[in-house]
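Okay, so here's the structure we're looking at.
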Amino acid sequence: MPPKKKKEEKLRIVTPSGKRDQSFFDLVYEVVRQIPYGRITSYGAVAACLGAKSSARMVGWAMNGSHRVRPKVPAHRVVNRNGMLSGKFHFGTPTAMENLLKKEGIQVKDDRVIDFKKLFWDPADELGV
DNA sequence: ACGCTGACTATTA
DNA sequence: CTAATAGCCAGCG
(Lines give C-alpha, C1' and ligand atoms only; values in the text may rest on other atoms or scores of the structure.)
Protein backbone atom coordinates (compact mmCIF):
# COMPACT_ATOMS: atom_id res chain seq x y z
CA MET A 1 0.00 0.00 0.00
CA PRO A 2 0.97 3.01 -0.94
CA PRO A 3 2.37 4.95 1.71
CA LYS A 4 0.80 7.87 2.33
CA LYS A 5 0.94 11.14 3.42
CA LYS A 6 -1.56 13.14 2.51
CA LYS A 7 -2.85 14.61 5.56
CA GLU A 8 -6.13 16.27 5.80
CA GLU A 9 -5.43 18.91 3.37
CA LYS A 10 -8.81 18.36 1.98
CA LEU A 11 -9.86 21.42 3.80
CA ARG A 12 -11.57 23.78 1.40
CA ILE A 13 -12.29 27.02 2.65
CA VAL A 14 -10.80 27.68 5.90
CA THR A 15 -10.51 30.39 8.35
CA PRO A 16 -7.05 31.56 9.32
CA SER A 17 -7.16 29.12 12.19
CA GLY A 18 -7.54 26.26 9.73
CA LYS A 19 -11.00 25.03 10.46
CA ARG A 20 -13.66 24.60 7.83
CA ASP A 21 -16.05 27.42 7.49
CA GLN A 22 -18.71 28.20 4.97
CA SER A 23 -19.64 31.62 6.04
CA PHE A 24 -18.77 35.05 4.88
CA PHE A 25 -15.27 34.00 3.89
CA ASP A 26 -16.46 31.49 1.36
CA LEU A 27 -18.67 34.01 -0.33
CA VAL A 28 -15.83 36.47 -0.51
CA TYR A 29 -13.56 33.95 -2.21
CA GLU A 30 -16.17 33.14 -4.82
CA VAL A 31 -16.72 36.75 -5.70
CA VAL A 32 -13.02 37.49 -5.91
CA ARG A 33 -12.56 34.53 -8.23
CA GLN A 34 -15.04 36.13 -10.62
CA ILE A 35 -12.78 39.08 -11.16
CA PRO A 36 -11.69 38.91 -14.80
CA TYR A 37 -8.10 39.16 -15.94
CA GLY A 38 -6.78 42.68 -15.96
CA ARG A 39 -9.52 43.97 -13.71
CA ILE A 40 -9.64 44.93 -10.06
CA THR A 41 -12.16 45.69 -7.37
CA SER A 42 -12.28 46.92 -3.83
CA TYR A 43 -12.96 45.28 -0.49
CA GLY A 44 -15.96 47.47 0.08
CA ALA A 45 -17.48 46.50 -3.29
CA VAL A 46 -17.22 42.82 -2.46
CA ALA A 47 -18.58 43.38 1.00
CA ALA A 48 -21.45 45.43 -0.37
CA CYS A 49 -22.24 42.69 -2.86
CA LEU A 50 -22.55 40.29 0.02
CA GLY A 51 -24.78 42.66 1.88
CA ALA A 52 -22.20 43.82 4.39
CA LYS A 53 -20.81 47.03 2.98
CA SER A 54 -19.83 48.08 6.46
CA SER A 55 -17.72 44.99 6.92
CA ALA A 56 -15.01 45.67 4.40
CA ARG A 57 -12.52 44.66 7.06
CA MET A 58 -13.93 41.17 7.10
CA VAL A 59 -13.25 40.93 3.38
CA GLY A 60 -9.68 41.91 3.99
CA TRP A 61 -9.44 39.36 6.75
CA ALA A 62 -10.88 36.74 4.44
CA MET A 63 -8.14 37.51 1.97
CA ASN A 64 -5.69 36.75 4.70
CA GLY A 65 -6.66 33.09 4.34
CA SER A 66 -7.12 33.20 0.58
CA HIS A 67 -3.66 31.77 0.04
CA ARG A 68 -4.62 28.42 1.45
CA VAL A 69 -7.90 28.16 -0.41
CA ARG A 70 -8.42 26.11 -3.51
CA PRO A 71 -8.79 27.08 -6.17
CA LYS A 72 -6.47 29.95 -5.79
CA VAL A 73 -7.97 33.33 -5.17
CA PRO A 74 -6.61 36.30 -7.13
CA ALA A 75 -6.25 38.44 -4.06
CA HIS A 76 -3.90 40.74 -5.93
CA ARG A 77 -6.93 41.97 -7.89
CA VAL A 78 -8.47 43.33 -4.73
CA VAL A 79 -7.33 46.70 -3.53
CA ASN A 80 -8.70 49.32 -1.20
CA ARG A 81 -11.07 52.12 -2.16
CA ASN A 82 -8.23 54.37 -3.23
CA GLY A 83 -6.78 51.76 -5.56
CA MET A 84 -3.83 51.38 -3.25
CA LEU A 85 -2.13 48.01 -2.82
CA SER A 86 -2.76 47.85 0.88
CA GLY A 87 -2.30 44.10 0.94
CA LYS A 88 1.02 43.89 -0.86
CA PHE A 89 2.80 43.08 2.37
CA HIS A 90 0.72 39.97 2.86
CA PHE A 91 1.95 38.26 -0.25
CA GLY A 92 5.11 36.23 -0.42
CA THR A 93 7.06 39.36 -1.11
CA PRO A 94 6.15 43.03 -0.89
CA THR A 95 6.50 43.30 -4.65
CA ALA A 96 4.54 40.19 -5.61
CA MET A 97 1.20 41.95 -5.79
CA GLU A 98 2.46 44.85 -7.82
CA ASN A 99 4.31 42.49 -10.10
CA LEU A 100 1.23 40.40 -10.72
CA LEU A 101 -0.91 43.41 -11.51
CA LYS A 102 1.63 44.80 -13.95
CA LYS A 103 1.75 41.41 -15.58
CA GLU A 104 -1.96 41.65 -16.24
CA GLY A 105 -1.56 45.01 -17.90
CA ILE A 106 -2.50 47.08 -14.87
CA GLN A 107 -0.28 50.06 -14.37
CA VAL A 108 0.92 50.55 -10.84
CA LYS A 109 2.62 53.64 -9.56
CA ASP A 110 3.74 54.23 -6.03
CA ASP A 111 1.69 51.30 -4.69
CA ARG A 112 -1.35 52.70 -6.38
CA VAL A 113 -3.33 51.50 -9.42
CA ILE A 114 -3.49 53.87 -12.36
CA ASP A 115 -6.94 54.37 -13.86
CA PHE A 116 -8.38 52.50 -10.95
CA LYS A 117 -11.78 53.89 -11.81
CA LYS A 118 -11.52 52.53 -15.31
CA LEU A 119 -10.28 49.09 -14.31
CA PHE A 120 -12.69 48.80 -11.45
CA TRP A 121 -14.90 45.75 -11.70
CA ASP A 122 -18.13 45.85 -9.79
CA PRO A 123 -19.16 42.35 -8.58
CA ALA A 124 -22.73 43.49 -8.08
CA ASP A 125 -22.87 44.42 -11.74
CA GLU A 126 -21.59 41.10 -13.07
CA LEU A 127 -23.43 38.99 -10.56
CA GLY A 128 -26.60 40.80 -11.39
CA VAL A 129 -27.20 41.87 -7.84
C1' DA B 1 -14.44 34.87 28.53
C1' DC B 2 -12.44 39.74 27.61
C1' DG B 3 -9.81 42.79 24.92
C1' DC B 4 -6.74 43.93 21.09
C1' DT B 5 -5.83 43.76 16.33
C1' DG B 6 -6.75 44.36 11.55
C1' DA B 7 -5.31 43.37 3.50
C1' DC B 8 -11.45 48.93 5.19
C1' DT B 9 -14.48 53.00 4.57
C1' DA B 10 -16.83 57.30 5.44
C1' DT B 11 -16.98 61.50 7.87
C1' DT B 12 -15.12 65.60 9.94
C1' DA B 13 -11.61 69.21 10.88
C1' DC C 1 -4.56 67.76 0.09
C1' DT C 2 -3.58 65.13 5.01
C1' DA C 3 -4.84 63.64 9.83
C1' DA C 4 -7.80 61.93 13.22
C1' DT C 5 -12.10 59.32 14.66
C1' DA C 6 -15.81 56.19 14.62
C1' DG C 7 -18.14 51.97 12.98
C1' DC C 8 -17.52 47.43 11.66
C1' DC C 9 -17.06 42.10 13.29
C1' DA C 10 -14.33 37.72 13.32
C1' DG C 11 -10.00 35.56 15.04
C1' DC C 12 -6.53 34.96 18.54
C1' DG C 13 -3.91 35.33 23.07
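In what follows, chains carry the letters A, B, and so on, assigned in the order in which the sequence lines appear, proteins first and then strands, with residues in each chain numbered from 1.
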For [X] and [N], give me the distance from atom [atom1] to atom [atom2], rounded to whole Å.
| X | N | atom1 | atom2 | value |
| --- | --- | --- | --- | --- |
| Met58(A) | dC12(C) | CE | C1' | 13 Å |
| Asn82(A) | dA3(C) | CG | C1' | 14 Å |
| Lys88(A) | dC8(B) | NZ | P | 14 Å |
| Phe24(A) | dA7(B) | CZ | C1' | 13 Å |
| Glu98(A) | dA7(B) | CD | P | 18 Å |
| Leu85(A) | dC8(B) | CG | P | 12 Å |
| Arg112(A) | dC8(B) | CZ | C1' | 17 Å |
| Phe25(A) | dC12(C) | CZ | C1' | 12 Å |

What does [X] touch in the nucleic acid at a heavy-atom separation under 4.0 angstrom: a base, only the sugar-phosphate, or nothing?
| X | value |
| --- | --- |
| His67(A) | base |
| Ala75(A) | base |
| Phe89(A) | nothing |

*Heavy-atom closest contact (Lys88(A) atom, Met97(A) atom, distance)*: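 Shortest heavy-atom contact: N-SD, 3.6 Å.
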*Minimum-distance nucleotide (side-chain atoms of Trp61(A) versus dG11(C), dC8(C), dA7(B))*: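 Closest of the options to the side chain of Trp61(A): dG11(C).
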_Residue Ser55(A), side-chain atoms from C-beta onward, closest of dT9(B), dA7(B), dC9(C)_ =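 Of the options given, the side chain of Ser55(A) lies nearest dC9(C).
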*asked:* For a quick check, tell me whether the side chain of Arg57(A) and the base of dC8(C) share a donor-acceptor pair closer than 3.5 Å.
replied: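 Under the 3.5 Å cut-off, the side chain and the base do form a donor-acceptor pair.
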Nearest 0.5 Å, please: how far is [atom2] in [Y] from [atom1] in [X]?
| X | Y | atom1 | atom2 | value |
| --- | --- | --- | --- | --- |
| Asp26(A) | Leu50(A) | CG | CG | 10.5 Å |
| Glu98(A) | His76(A) | CD | NE2 | 12.5 Å |
| Phe25(A) | Asn64(A) | CZ | CG | 8.5 Å |

_Is there a side-chain contact between Ser42(A) and the phosphate of dC8(B), meaning an N or O under 4.0 Å from OP1 or OP2?_
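Checking dC8(B) against Ser42(A), no side-chain N or O comes under 4.0 Å of OP1 or OP2.
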*Student check: side-chain heavy atoms of His67(A) and Phe91(A) closer than 4.5 Å*: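 Result yes, sub-4.5 Å side-chain heavy-atom pair found.
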